[in-house]
Amino acid sequence: MGQLPPFLAACRRQPTTHTPVWIMRQAGRYLPEYRKVREKADFLTLTKTPELAAEVTLQPVRRFGMDAAILFSDIMTPLEGMGVAIEFCPGPVIAEPVRSAAAVDRLRPIDPEESVPYVQQAIRILRQELTVPLIGFAGAPFTLFCYLVEGSGSKTFTRAKALLMSEPATATRLLEMLADTVARCLEAQAAAGAQALMLFDSWAGLLTPGDFRSVALPAVRSILTRLRSLDVPLIYFPNQGATLLEDVATLPADVVGVDWRMPLDRARAILGPGLAVQGNLDPTALFAPPAELERRVDEVLDAAGPAPGHIFNLGHGIDRRTDPDAVARLVDRVHERSRRN
Ligand code: CP3
C-alpha cells in the first residue's frame, strides 16, 4: 500500500494499512520516564539540550508504538530570540508583555540558526534514532500574540483581544512579524529533517469569525503559502474552531486538526475532500473504564469514515494525570480496529 509510512500517507490522503495515531503532548508529565528526566533538569533546560529533548521525544514512541513523533519543544521557544524573556511557572510567563507600538518596534525577527540551534540539533539526532516520521511545529501567530500581549495564560485573553480591537495597525504589525519568525523557524526545522510541520492555534476559538478571517487567518495563510514549496505535509490546528472551518478550508494546508467539539464526519463535510483530518477523541475519555474508552475510540474512527486521510489524535493535549496504561489501550485499539488488510 505505497511506500510512505502510514502517518505521511494519511497526511497526503493516500490509503494506509491502518489509521496512524499520535497524541498531542505525548511527551510529558503523565509519563514516569519523563518525570525522571525532569528531576534533573527544568523544562527550559530540557528544550535547550538536544540530547535530552531527543530522549523525551522518543519516550512515548518507544513505550506505545505511535505512528509519529513530535519534537519536544514549545511554541514559546522562538520568542526569546525576538527579545522577549520567558519563564515557565509551569505555564508561560512574560515579565514585560508587548502592549504598544514602541514595544513591537523593539522586537526583531529571528535567525533560527543563531537563536534556536538546539531545535535543529535535536531534530538531527532524532532522525538518526527514529523509525517513524518526525513532526516539527510552531505556534500560530495569533496564539503567540495572545501570550505576548497578555503576558501569561488566560481563559479569555482580554488584553490581547482588546489590543487587536483598539490598535489594529500595531496588532497587524506584530502578527506579521510573528508570521515571518514562525515561517523561518519551520523552514529551519524542515531543513534539519522534520517530515511534517504543524501550526498550533490554541486560542483561535476565542475570536469572532470576522476577526479570525480578517486578522488571524491571513497570518496563517502567509506562513503556509511560504512553506508550500517545501515537500512536507502542513498541519493546521485551530483549537475550538468548529465555527471557523469554512474559512480554514480555504488554507493551503494538507491536514486540519479538529478538537472534540465537532464530530469528524461533519468536519470532513465542511473541509471537503482536499484536506485530511487529525483528531479528535476527548482527552477525558482516557479516564473512562477500558470498555468505554474503546467505545469512544471506535466512535471517532467511525465518524472519520472509510475515506483515506484520517490521523487519529486527541482533540487537545493529554492531561498530566492520565494513566499511561490507558494510552497504551488507545493506541492498540486504533491499530486493531482500523487494520485494513
Ligand atoms: O506534544 C508534545 O509532546 C511536544 C511538545 C510540546 C510541548 N508544548 C511541551 C510542553 C508541544 C507541541 C507544546 C505546544 C504548546 N505549548 C502549546 C500548543 C498546544 C496546546 O496545548 O494548545 C501551548 C499553548 C504551549 C504553551 C505552554 N507550554 C503551556 C500552556 C504550558 C504549561 C502546560 C501545563 O500543563 O502546565 C507549557 C509547558 C509545557 N510544554 C510542558 C510540556 C511537556 C510542561 C512542562 C513541564 O513542566 O515539564
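Order of appearance sets the numbers: ligands from 1, and atoms from 1 within every ligand.
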> To which of A27, S73, G28, P92 does the heavy atom nearest atom 9 (C) of ligand 1 belong?
Replying inline: S73
>> Working to the nearest 0.5 angstrom, can you tell me the gap between R296 CZ and T284 OG1?
In response: 8.5 Å
>> Rounded at 0.5 Å granularity, tell me how far CG in D259 sits from CG in D282.
In response: 9.5 Å
> When E55 is tested against each of K36, K40, R62 for salt bridge (charged side-chain N to carboxylate O under 4.0 Å, His left out), which residue passes?
Replying inline: R62
> Does the pair K48/E80 count as a salt bridge with the N-to-O cut at 4.0 Å?
Replying inline: yes
>> Check this for me - ligand 1, Y147, N or O atoms closer than 3.5 angstrom, yes or no?
In response: no
> Which heavy atom of the protein is the closest neighbour of atom 4 (C) of ligand 1, given with residue, atom name and distance?
Replying inline: L71 O, 3.5 Å
> So, for L175 and A219, which heavy atoms are closest and what is the spacing to 0.1 Å?
Replying inline: O-CB, 4.3 Å
> Got the closest protein heavy atom to atom 13 (C) of ligand 1, with its distance?
Replying inline: R25 NE, 3.7 Å
>> Please list the nearest protein heavy atom to atom 20 (C) of ligand 1 with its residue and the distance rounded to 0.1 Å.
In response: H316 NE2, 3.1 Å
> Evaluating non-hydrogen atoms only, which member of F72, W203, Y34 is closest to atom 48 (O) of ligand 1?
Replying inline: Y34
> Got the closest protein heavy atom to atom 39 (C) of ligand 1, with its distance?
Replying inline: F43 CZ, 3.5 Å
>> Would you compute the distance between atom OG of S152 and atom CD1 of I94 and round it to the nearest 0.5 angstrom?
In response: 8.5 Å
>> Any heavy atom of M198 closer to ligand 1 than 4.0 angstrom?
In response: no
> Quick one: does G91 get a heavy atom under 4.0 Å from ligand 1?
Replying inline: yes
> Hey, are D67 and H335 close enough side-chain-wise for a donor-acceptor pair under 3.5 Å?
Replying inline: yes
> Atom CD of Q26 and atom CG of L314: how far apart are they, to the nearest 0.5 Å?
Replying inline: 9.5 Å
> With a 4.0 Å cut-off on heavy atoms, is F237 touching ligand 1?
Replying inline: no
> Among protein heavy atoms, which sits nearest to atom 35 (O) of ligand 1, and what does the distance come to when rounded to 0.1 Å?
Replying inline: R29 NH2, 2.5 Å
> What is the nearest protein non-hydrogen atom to atom 22 (O) of ligand 1, stated with its residue, atom name and distance?
Replying inline: S202 OG, 2.4 Å
> Who gets closest to atom 16 (N) of ligand 1 by heavy atom: D74, L31, L46?
Replying inline: D74
>> Could you identify the single nearest non-hydrogen protein atom to atom 14 (C) of ligand 1 and state the distance to 0.1 Å?
In response: I75 CG2, 3.7 Å
> OH/Y118 to CG/L52 distance, rounded to the nearest 0.5 angstrom?
Replying inline: 14.0 Å
>> As an exercise, state the distance from CG of L79 to CG of L178, rounded to the nearest 0.5 Å.
In response: 7.0 Å
>> Just to confirm my output: which protein heavy-atom neighbour is closest to atom 47 (O) of ligand 1, and how far is it?
In response: R38 NH2, 2.8 Å
